Amino acid sequence: MALRSSKSHAATGTGQRKPSARPFSSKRELHAGHTVSEFDHEHSRDAERADSGSSSTSKKPSVYNPLVDELDVSARAETLRALPREFTAPPLMEGLLTSVTDFLGPEARPTDIQSLSLKHLFPRPLPGYPSNVNAWGAPTKNKSEYLQCLLASETGSGKSIAYLLPMLQDLKLTELRTDTPRPQNSGCPLNPRALVLAPTHELSRQLSSFAKALLHHIKLRVLCASKSNTPSTPSRNVSSAKMAKEMDELIKGSSAGKVEEKHAAEDHAVDIVVGTPSKILEMVKGRGWDHQVTLEQEPNVWEGEGKRRLSTVGKPEMSLESIEWVVIDEADVLFGQYPDFQADTKSILSSISEARKQPLDFPSVPATPSSPAPLNYPFNLLLSTATIPSALAWHLDSYHPSLIRLASPNLHRLPSTLRTEYVGWTGGNRNVDIEKRLRNVWAQDVPKRRNRKVQFSKVLVFCNKSTRVEELGQYLTEKGIPNVALTSTSETRKWGSNHHLDGFLRKHGHTAKDEKLASEPSLEQSSSSDAPAYTQQPHVMITTSLLSRGLDFAPEIKHVFIVDEPRNMVDFLHRAGRSGRAGELGKVVVFGKTEGRGSNRTKIMRKRVGALLA
Ligand SMILES: Nc1ncnc2c1ncn2[C@@H]1O[C@H](COP(=O)(O)OP(=O)(O)OP(=O)(O)O)[C@@H](O)[C@H]1O
């Protein structure tokens, strides 16, 4: 049960255990008086006995789980018996319920993580309902009490809706309260009440379209802070201008009628901003704020053809004093092991605290799980993740010991609808092996009965390196298989839109069933036709881990190929999880050496993947 840190293993190379942290399940209190279920108490007691080395339990010797080196496997799910199994009003306000139904379809039922959210993250009563308990009988909270919560569940299990619903509802309730003071004019064009942070622009754009769909009836304003909101290099200026116009309209309240008149003239027209931490910081601190060189030091630093000084710091576009909610999506990336992301995210959190006149009280010595130093943020904080690496667990136990942890029973497992298959390299050209396997997938798509329509699968291929992505893309193109090869520096990566992912991302605002029907004409093809569809339009996307995080790929992505050994199981779970989403069937095909040198590594990986199976 004790946590281990992958970091310490990597650092020492000894495989020694890090001092044990308090396991999640040992926390009795969910938050301010909410106690965990009996189910959790049982596990808490087990955990405590195990931690104290008590021999009074007759526990079976546990089988070594190869994942404990990387992941916090002590996270326990609450029993699901007593949870809401339908979307209802309350706890949702009517308008939000209608949007959820429009978005997911009338038959949709909450996923496990959404049920947990409905129960625990709606502490405020709706107008007209008893004010001392919420819809689930739990005590309600004052406006001055803030939530800190981690939502953790497997890929494709609907975490975005699980965190968006409570946040959107609370923002709307605050807006409806006539006694809520309006934010003061900060002098900045944007003064949002909520931030959603995500690691990539692609994911930011997808999340903001999710939020917009859910706001159809309750009408709050969302802005996606894509990189091209402000002009940068001349080559980006077309989409920059478009995004700048959108932003301008939002600020002035002149765009489509969603903004209520009374807000149009205020600096508060945008309620929610979605973006990457670096983009958000840029909007808060001014463009170029992090450049080392100042104008005084280097007056002659110019970019391109002398169009713009690199060293000037732009005017801040956004102030933070009205922030009531912060969501950190892919929390293990933004809040965990990646130093750059971590620094930016922490900087945003402490800037908000400062702007809200409650600067964070950082401990002089680093906290540990055994001597935690709670950071109390003056806003609601939701973290969302499909994986809890040990390093993140350690950090949370040290600085957020009273954080509510909502975990689904399938956390750290592959989605149950995802099958795994292993393919051995033949020992020849690996590109040939991949091509062969692709053709094999499409051959299996062809129905046995003649004159039936064919719907060819789309395939997502993950490589470790950009050079490998480009090389494989070129090889397949030469073989008559059009493909999209995307790396972080790809020319084709569009700024300000997700068009470079067209045909691969799920289109939101429709149920999966509607989508399939809508997409059939372009995908279907008579089996008597000469050229199969996969030779006419890209059915293969090749990329690195860049696109492995959070993106909701279309149900037509039936296969994920992992052609380079993933760096760790966290990476594997996220890559594989781009298929088999929302209950759709999918398959992850793992390539590896089955004979000779290197085959042992494949064996170890198979064992680790086996431990992820639901
Ligand atoms: N209750 C539901 N019923 C059916 N489909 C749902 C439900 N909730 C969400 N979905 C759909 O499931 C898909 C995956 O949702 P989402 O992207 O939020 O998953 P996630 O858990 O955040 O995944 P990841 O960990 O990969 O980021 C989306 O297409 C969403 O519309």
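Counting convention: from 1, in listed order, for ligands and their atoms alike. Everything numeric here is computed off the predicted structure, so don't read it as measured data.
- A salt bridge between K458 and E556 is absent, with no side-chain N of the basic residue lying under 4.0 Å from a carboxylate O of the acidic one.
- Looking at T155 next to ligand 1, no N or O pair under 3.5 Å apart turns up.
- For the residues P415, S160, A554, G583, the heavy atom positioned nearest atom 22 (O) of ligand 1 is part of S160.
- Ion pair R437/E421 flagged as a salt bridge, since at least one NZ, NE, NH1 or NH2 atom sits closer than 4.0 Å to an Asp/Glu carboxylate oxygen.
- Side-chain contact between I280 and V284 is present, with heavy atoms from C-beta onward closer than 4.5 Å.
- If you look at A386 next to ligand 1, the close heavy atoms, those under 4.0 Å, all belong to the side chain.
- Residue Q114 has at least one heavy-atom neighbour below 4.0 Å for each of these atoms of ligand 1: 1 (N), 2 (C), 7 (C), 8 (N), 9 (C).
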If you apply the rule ring pair (Phe, Tyr, Trp, His ring centres under 6.0 Å), what do you find for F379 with Y146, and how did you get there?
CA-CA 6 Å; F379 48 86; Y146 295 111; 7.3 Å; no
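- When H574, K507, R581 are ranked by how near their heavy atoms come to atom 24 (P) of ligand 1, first place goes to R581.
- Aromatic ring orientation, H400 versus Y377: parallel (interplanar angle below 30°, classes split at 30° and 60°).
- Shown are P90, P91, P166; of these, the side chain to side chain contact (heavy atoms under 4.5 Å, CB included) with L118 is made only by P91.
- Counting heavy atoms under 4.0 Å from ligand 1, residue K159 touches it through both backbone and side chain.
- Numbered from 1 in the order shown, with element, the atoms of ligand 1 that lie under 4.0 Å from a heavy atom of E154 read 21 (O).
- Taking every heavy atom of S157 and a limit of under 4.0 angstrom, the matching atoms of ligand 1 come to 19 (O), 20 (P), 21 (O).
- Using a 3.5 Å distance cut-off with no hydrogens or angles, the side chains of S548 and R578 do not pair a donor with an acceptor.
- There is a side-chain donor-acceptor pair under 3.5 Å between H217 and D102.
- Checking G156, S548, S153 against atom 23 (O) of ligand 1, the nearest heavy atom belongs to G156.
- Within the 4.0 Å heavy-atom shell around ligand 1 one finds R578.
- Atoms of ligand 1 lying under 4.0 Å from any heavy atom of A582, numbered from 1 in the order shown and given with element: 11 (C), 12 (O), 13 (C).
- Of all atoms in ligand 1, listed by their number and element, those nearer than 4.0 Å to a heavy atom of E330 are 27 (O).
- Heavy-atom distances between R549 and ligand 1 stay at or above 4.0 Å for every pair.
- For the residue pair S278 and D344, no side-chain donor N or O sits within less than 3.5 Å of a side-chain acceptor on the partner.
- Numbered from 1 in the order shown, with element, the atoms of ligand 1 that lie under 4.0 Å from a heavy atom of R109 read 1 (N), 2 (C), 3 (N).
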